[in-house]
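See below for the structure under consideration.
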Amino acid sequence: MKRVKESWLSVRNEPWLYSVLLLILAPLFPDYMSFILVIASFIFARQDMKRTGRRFSVGTVGLLMLAALGYMAFSLVYSTDPVGSFWSLIMWISLFGAYLVASSVLTDRHRLRTAMLCMTAVVGLVSFLGVGQYLFGAVLDLDMEHGLWNGLDRLVYGLLKVPFDVLDFNGRVSSTFNNPNLLAAYLVMTIPFAVAYVLTGTRSKPKALSRISLILSAYALGFSFSRGGYLAFIAVALLLFCLFINKKFVMTVLTTIYIVLLIPPVISNRLITVVPSNVNTPADSVVVEEEVTPQPPATLEELEEEISEGYAEDNSVQMRFVMWKKVLSGVVKRPLFGSGIGIQTTQKTLSAAGLEYKHAHNLFLEILAQGGLILFGFFATVLLVLMRRSLRLLKRRHNQEAWLLGFAILGACLALCVHGVFDFPLLTPRMLVTAMLLLGIAESVARVYLKAPVRELSAVWAGIIRPFRRLVENATQKTAKHG
């Protein structure tokens with residue numbers, strides 16, 4: 001405990017710590033606080049820049065994100081909802097600051113470890129509130145399912161005259177978020193980094209508390225009853241299992257059995273509902289059906305009907321297939337550029353089909369619908385860069401810390417993709433701040449452990465402005481000659 005106290009005293013007066021901590025704390029507060037937290041974080045990071053003589057910098061991922069933001073700005077020209085796209089663009093540009101801060105101030109291993117410790121603590125706190133929310137509802141029969149900030153959200157959005165819908169999630173917990181699926185997305189994206197922190201170094205009291213945070217996060221994820229979250233968590237667990245099976249076979253197998261035995265039946269039953277109900281047929285009926293050659297559906301409508309019949313008892317799954325078909329039809333009409341940045345454009349497509357949903361409930365379809373193949377190309381390239389770097393880190397088995405950070409980056413990418421099949425995690429400012437923060441951490445990991453190059457933001461900006469400046473100068477000179 002004395003060592004922890006001394007470490008805290010040594011960094012508490014460092015501006016970089018507050019800049020990162022403010023970003024990590026974003027999930028604990030309402031969405032409209034995310035912008036204030038990013039601005040405050042930027043101010044502290046600026047103080048750190050003055051102390052160290054460094055400047056804000058971006059790496060390969062940052063350059064790709066800047067290019068994507070430029071394309072998002074271009075989408076205002078053809079957007080089906082220019083006003084909504086404009087505000088969505090402002091949100092993305094503002095919250096890109098989270099990446100900028102993290103990639104600029106996390107310059108060494110000590111800072112990275114401290115950031116991961118803070119993140120693990122916040123994950124534990126969010127999970128603790130979620131588990132408490134479920135226990136209060138289940139044991140004391142209290143109405144606790146609408147999130148911690150529901151009352152404040154109603155007040156603030158009412159004063160701003162912004163529509164605010166309160167949905168009934170039937171006992172599913174959302175902790176500080178407004179939706180259980182967003183809680184699940186946050187947890188599955190951050191759990192790999194918490195696991196990496198717990199498994200690095202020697203035993204200590206912070207590590208013991210971090211293990212408690214991991215246990216709480218697993219239960220909070222379970223009580224969110226998000227099947228996409230379950231599948232993403234299973235994917236990350238399988239990845240960890242495959243990486244550790246050769247190093248610690250007995251411990252890995254026993255831990256897996258222990259976790260499976262501890263899964264409450266209410267959670268396992270929820271996961272089973274991912275499978276269509278029409279596959280649970282008696283054995284004799286299966287034998288009879290095997291004698292008849294199955295005929296494939298002649299049209300997409302028939303296929304949709306068969307799928308809907310399989311999920312007839314689960315409206316949420318059934319409606320996803322219906323939404324995906326309608327959104328996909330819109331993507332076919334605008335394959336290259338999409339309908340414009342922002343979920344408002346997708347909402348218009350769904351509304352025209354008589355579906356009152358705000359987004360496609362699918363990360364990949366939502367990106368295609370908003371920005372077409374071009375924006376999807378940026379997204380795929382960022383994922384490819386992160387995965388290649390994580391594989392390079394995983395090859396460094398002699399460096400346990402680098403190896404585990406490789407798992408964390410790859411696990412977060414895997415969790416985002418798996419959960420993204422069933423939902424759109426990048427929906428709210430809090431989730432965007434978390435995603436940008438993780439991108440910044442991944443960039444810093446590449447710089448510290450892989451010596452990946454970075455460029456000062458001022459130099460990048462000068463490179464962007466220079467061609468336009470030359471055009472203006474040439475036009476001015478030509479005008480002067482003709483005059």
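From a predicted model like this one, the values you see are computed outputs, not experimental measurements.
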For residues 232-244, tabulate all N or O donor-acceptor pairs below 3.5 Å that involve a side-chain atom, not counting sequence neighbours.
none

Donor-acceptor under 3.5 Å ([X] side chain, [Y] main chain):
X: Ser444; Y: Leu106; value: yes
X: Arg111; Y: Val105; value: yes
X: Ser213; Y: Ala121; value: no
X: Ser85; Y: Ile341; value: yes
X: Ser390; Y: Met387; value: yes

>> Is any side-chain heavy atom of Leu100 closer than 4.5 Å to one of Phe42?
In response: yes
> Just wondering, do Ser339 and Tyr78 contact through their side chains at under 4.5 Å, heavy atoms?
Replying inline: no
Would [X] and [Y] count as having a side-chain donor-acceptor pair, cut-off 3.5 Å?
X: Glu401; Y: Tyr449; value: yes
X: Arg172; Y: Asn181; value: yes
X: Tyr99; Y: Glu443; value: yes
X: Ser127; Y: Ser217; value: no
X: Thr345; Y: Gln370; value: no

Ignoring hydrogens, what is the shortest heavy-atom contact between [X] and [Y]? Give both atom names and the distance.
X: Ala196; Y: Met116; result: CB-CE, 3.8 Å
X: Ile441; Y: Ala102; result: N-CB, 4.2 Å
X: Ile409; Y: Leu386; result: CG2-O, 3.9 Å
X: Gly130; Y: Val173; result: O-CG1, 3.7 Å

> Is the distance between the ring centroids of Tyr230 and Phe225 under 6.0 Å?
Replying inline: no
Taking everything shown except [X] itself, do over 12 heavy atoms lie less than 6.0 Å from its [atom1]?
X: Arg392; atom1: CZ; value: no
X: Arg447; atom1: CZ; value: yes
X: Tyr71; atom1: OH; value: yes
X: Arg55; atom1: CZ; value: no

>> With side chain to side chain contact (heavy atoms under 4.5 Å, CB included) as the criterion, how do Val454 and Val58 come out once you've worked through the C-alpha distance, each side chain's angles and the decisive distance to 0.1 Å?
In response: CA-CA 5 Å; Val454 294; Val58 295; over 6 Å; no
> Under a 4.0 Å N-O cut-off, is there an ion pair linking Asp108 with Arg113?
Replying inline: no
> Parallel, tilted or perpendicular for His361 and Tyr357, by the 30°/60° rule?
Replying inline: perpendicular
> Where does the angle between the aromatic ring planes of Trp324 and Phe422 fall among parallel (under 30°), tilted (30 to 60°) and perpendicular (over 60°)?
Replying inline: tilted
> Should the pair Arg430 and Phe177 be classed as cation-pi, given the thresholds of under 6.0 Å to the six-membered ring centre and 45° from the axis?
Replying inline: yes
> When you look at Phe364 and Cys417, which way does the side chain to side chain contact (heavy atoms under 4.5 Å, CB included) test go after all the steps?
Replying inline: CA-CA 8 Å; Phe364 310 101; Cys417 291; 4.0 Å; yes
